[in-house]
Amino acid sequence: AEVRFEGGVIQGNVALEDRGGVFSAGTTEMIDVNVDLNTAEFRGGGIHVDANTLEVRGQAPVLGWRSATINDNRVISSSLTQAGGGLNCASAASCTLEGVEMVDNTGGWGGAIHAAGTLSLSDAELSWNSADAAGSALYLPWLGVATATLVDVEISSNSGTTWGPVPTVYVGEGTSLSLYLSTVSDNTTELGKTAAINVHGTAEVTDSAVFGHQLAVSVGSTGAMTC
């Protein structure tokens with residue numbers, strides 16, 4: 001199936017399992033859509049992409065306002081399976097987001113984004129999201145095959161909550177992150193500041209700034225980092 005949304009609001013929905021606001025298993029295109037204030041129990045508080053492709057696009061910000069938002073969504077289960085407060089991009093999926101604001105989403109693994117498939121994120125803001133397991137802004141799962149490319153992205157003021165020193169961006173073994181022309185700043189955890197980027201897979205950081213943390217980057221025994 002192919003679905004296209006242009007304009008409008010997807011807001012205030014509640015799912016007892018996955019996919020609080022949007023469930024995509026086909027080809028989904030969303031232009032200038034606000035996906036806000038949705039709730040799921042386990043995965044994809046705002047959007048859950050099970051397979052195929054998702055494209056979310058917004059216009060250039062005007063006076064700080066963006067036309068495409070994924071804000072204030074959450075997953076609420078206490079289970080370790082809770083993933084992707086704003087967006088859950090499954091292993092068979094390809095997710096492209098451009099000109100999008102993701103603010104104040106809450107999840108266990110990936111407060112804003114849990115990406116097990118292919119993620120492309122550009123001209124975007126990930127701020128004030130929270131997670132209580134790992135990846136308050138972005139989580140690429142352990143022993144996965146995920147690839148994430150971020151260009152011109154602001155990642156700031158995200159927070160880890162209760163389970164430990166939660167990294168802002170988590171790159172699991174077998175996954176890869178490419179970060180270009182981006183800023184990672186002033187992210188925190190309740191148990192004290194921790195690494196902004198925790199790498200167990202591979203990561204390439206180019207022409208980007210990482211500051212305002214006790215430790216900018218932590219590379220595990222299985223990880224590789226290129227700057």
Side-chain angles (χ1 to χ4, degrees), residues 1-15 18-40 43-75 83-107 110-129 137-140 146-156 158 169 177-183:
E2 296 185 8
V3 178
R4 187 175 192 269
F5 299 90
E6 186 166 357
V9 176
I10 300 171
Q11 184 178 90
N13 300 284
V14 178
D18 300 335
R19 52 193 183 267
V22 177
F23 172 66
S24 174
T27 299
T28 302
E29 184 180 12
M30 304 174 70
I31 309 296
D32 299 334
V33 177
N34 304 126
V35 182
D36 302 334
L37 294 165
N38 301 286
T39 301
R43 298 181 298 170
I47 303 173
H48 175 72
V49 187
D50 195 56
N52 292 319
T53 62
L54 169 76
E55 293 188 7
V56 181
R57 302 187 188 278
Q59 301 174 26
V62 177
L63 298 177
W65 178 84
R66 289 183 180 270
S67 60
T69 63
I70 305 173
N71 293 343
D72 298 288
N73 302 285
R74 57 206 66 243
V75 289
L87 167 67
N88 184 57
C89 185
S91 59
S94 175
C95 301
T96 300
L97 290 79
E98 180 180 352
V100 178
E101 172 186 283
M102 301 186 72
V103 175
D104 199 29
N105 299 285
T106 302
I113 301 173
H114 178 284
T118 301
L119 174 69
S120 176
L121 184 64
S122 61
D123 183 24
E125 176 187 355
L126 276 61
S127 297
W128 300 102
N129 302 285
L138 172 63
Y139 181 81
L140 307 180
T147 61
T149 302
L150 279 60
V151 180
D152 189 19
V153 177
E154 177 189 347
I155 302 174
S156 65
N158 300 283
V169 176
L177 169 72
S178 298
L179 187 68
Y180 302 102
L181 300 170
S182 297
T183 301

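The model shown is predicted, which means the values in this text are computed figures rather than measured ones.
The minimum heavy-atom distance between G20 and A15, with the atom names listed, is CA-CB, 3.9 Å. Of all the heavy atoms in S67 and W65, the pair that sits closest is CA-CH2, 3.7 Å. Heavy-atom minimum distance, A115 versus L140: O-CD2, 3.5 Å. Among all heavy-atom pairs drawn from G84 and H114, the shortest one is N-CB, 3.5 Å.
Side-chain N/O atoms of N52 and T27 include no donor and acceptor closer than 3.5 Å. A side-chain N or O of N71 and one of E101 form a donor-acceptor pair less than 3.5 Å apart. Side chains of T96 and S120: a donor-acceptor N/O pair is absent below 3.5 angstrom, by distance only.
Take D72 and apply the salt bridge (charged side-chain N to carboxylate O under 4.0 Å, His left out) test, not counting sequence neighbours, and it matches no residue.
Looking only at distances, no side-chain donor or acceptor of N129 sits under 3.5 Å from a matching main-chain atom of N158. Judged by distance alone, the side chain of N73 and the main-chain N or O of I47 form no donor-acceptor pair under 3.5 Å. Judged by distance alone, with hydrogens and angles left aside, the side-chain atoms of D50 form no donor-acceptor pair with the main-chain N or O of S24 at under 3.5 Å. With T118 contributing its side chain and S94 its backbone, the two residues share no donor-acceptor pair below 3.5 Å. Panel note: side chain S182, backbone D152; a donor-acceptor pair is recorded below 3.5 Å.
Atom OG1 in T69 sits 3.5 Å away from atom CG in N34 (nearest 0.5 Å). Considering CD of Q59 and CD1 of I31, their distance stands at 9.5 Å, rounded to 0.5 Å. Note that the CD atom of Q11 and the CG atom of L37 stand 5.0 Å from one another [nearest 0.5 Å].
Between R66 and the choices D123, D36, D32, the salt bridge (charged side-chain N to carboxylate O under 4.0 Å, His left out) rule is met once, by D123.
No side-chain heavy atom of I155 sits less than 4.5 Å from a side-chain heavy atom of L138. Between L54 and M30, some side-chain heavy-atom pair lies under the 4.5 Å cut-off. For the pair V33 and V22, the minimum side-chain heavy-atom distance is 4.5 Å or more.
Sorted by first and then second residue, the pairs that involve residues 18-31 and meet salt bridge (Lys or Arg N to Asp or Glu O under 4.0 Å), not counting sequence neighbours, are R4-E29, D18-R43.
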